[in-house]
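Just below is one structure, and these are the notes that go with it.
In this text, all values refer to a predicted model and were calculated from it rather than measured experimentally. Atom set for the values below is all heavy atoms of this structure, side chains included, hydrogens, waters and symmetry mates excluded.
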Amino acid sequence: FPLGCAFDESIVHYKHFKDNPDYNNPLYNTKNGVYSEGCGLENVMVSWGHDDYMYMVAKKNGTTLPPAGLFVIRFHSFYALHHGGAYRHLMNEEDVKNLKWLEIFSKYDLYSKSKVRVDVEKVKPYYMSLIEKYFPAKLKW
């Protein structure tokens, strides 16, 4: 979820944000907060988690993933955006283009897993080829 602007009701566990000091801070509790409309999500500070960590690892290691792939990595847990429709006023044109890929990806992410166990050894060559294509042999963590 974004920091520096109002918490949207579509954020998971929104009711707990009422205890956050930013909830009543007039600098942060408006629709735009410290941002301007259309500023682009790359300019919005979001709460930190595994999404941003992997995004930073990919960037630091010079991934050849396209921008849409990096967008999906960085924002795949931003449910208020891609399921709730919130914070779209902060998006720029590139974000709008990339959002369609995130919405496609989200169908295969959380809560969409199969109950059938995957044969890891069978699919490993495919996924290793993708890792080799988009990442260097040795990663900096």
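The CG atom of L102 sits 6.0 Å away from the CZ atom of F71 when rounded to the nearest 0.5 Å. Taken to the nearest 0.5 Å, the CG atom of N32 stands 5.5 Å off from the CD atom of E37. Atom CG of N98 is separated from atom NZ of K100 by 8.5 Å, given to the nearest 0.5 angstrom. Atom CZ in F75 sits 4.5 Å away from atom CG in L41 (nearest 0.5 Å). Rounded to the nearest 0.5 Å, atoms CG (N29) and SG (C5) are 10.0 Å apart.
Closest non-hydrogen pair, P66 versus Y134, comes out as CD-CE2, 4.4 Å. Scanning all heavy atoms of the two residues, the minimum distance from E103 to S106 falls at O-OG, 2.9 Å.
The environment of CD in E42 is crowded: more than 12 heavy-atom neighbours from other residues, nucleotides or ligands sit within 6.0 Å. Under a cut-off of 6.0 angstrom, the local environment of CE in M56 is crowded, with over 12 non-hydrogen atoms contributed by other residues, nucleotides or ligands. Atom OH of Y28 has 12 or fewer neighbouring heavy atoms from other residues, nucleotides or ligands inside a 6.0 Å radius.
D95 places a side-chain N or O within donor-acceptor distance of the main-chain N or O of N92, the cut-off being under 3.5 Å. In this structure, the side chain of H76 engages the main chain of I73 through a donor-acceptor pair within 3.5 Å. Checked by atom type and distance alone, the side chain of H89 pairs as donor or acceptor with a backbone atom of K31 at under 3.5 Å. Formation of a donor-acceptor pair under 3.5 Å by the S10 side chain with backbone atoms of H83 is not found in this model. Between the side chain of N61 and the backbone N or O of T63 there is no donor-acceptor pair closer than 3.5 Å. Side-chain N or O atoms of S36 include none that pairs as donor or acceptor with a backbone N or O of C39 at under 3.5 Å. D8 contributes no side-chain N or O that, together with a main-chain N or O of I11, makes up a donor-acceptor pair within less than 3.5 Å.
You'll find the side chain of H50 reaches within 4.5 Å of the side chain of S77, heavy atoms only.
Ring geometry, Y53 versus W48: the interplanar angle exceeds 60°, so the pair is classed perpendicular (tilted spans 30 to 60°). Between F7 and Y23, the two ring planes are parallel [angle under 30°; tilted spans 30° to 60°].
Note on M91: it clusters hydrophobically with I104, by side-chain heavy-atom contacts below 4.5 Å among ILVMFWY residues. With hydrophobic clusters built from ILVMFWY side chains whose heavy atoms lie under 4.5 angstrom apart, V96 shares a cluster with V44. When the side chains of ILVMFWY residues are joined at heavy-atom separations under 4.5 Å, either directly or via intervening members, L81 and F17 end up in a single hydrophobic cluster. Residues V120 and Y108 do not share a hydrophobic cluster, defined by chaining ILVMFWY side chains whose heavy atoms lie under 4.5 Å apart. If you chain together hydrophobic residues whose side chains sit under 4.5 Å apart, L3 and L90 fall into the same group.
The side-chain contact (heavy atoms from CB on, under 4.5 Å) test with H82 singles out one residue from D109, V72, L99, and that residue is L99.
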Q.
Would V57 and W141 count as a side-chain contact (heavy atoms from CB on, under 4.5 Å) here? Give the steps.
A. CA-CA 6 Å; V57 167; W141 296 94; 3.8 Å; yes
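Aromatic pair F1/Y14: ring centres not closer than 6.0 Å.
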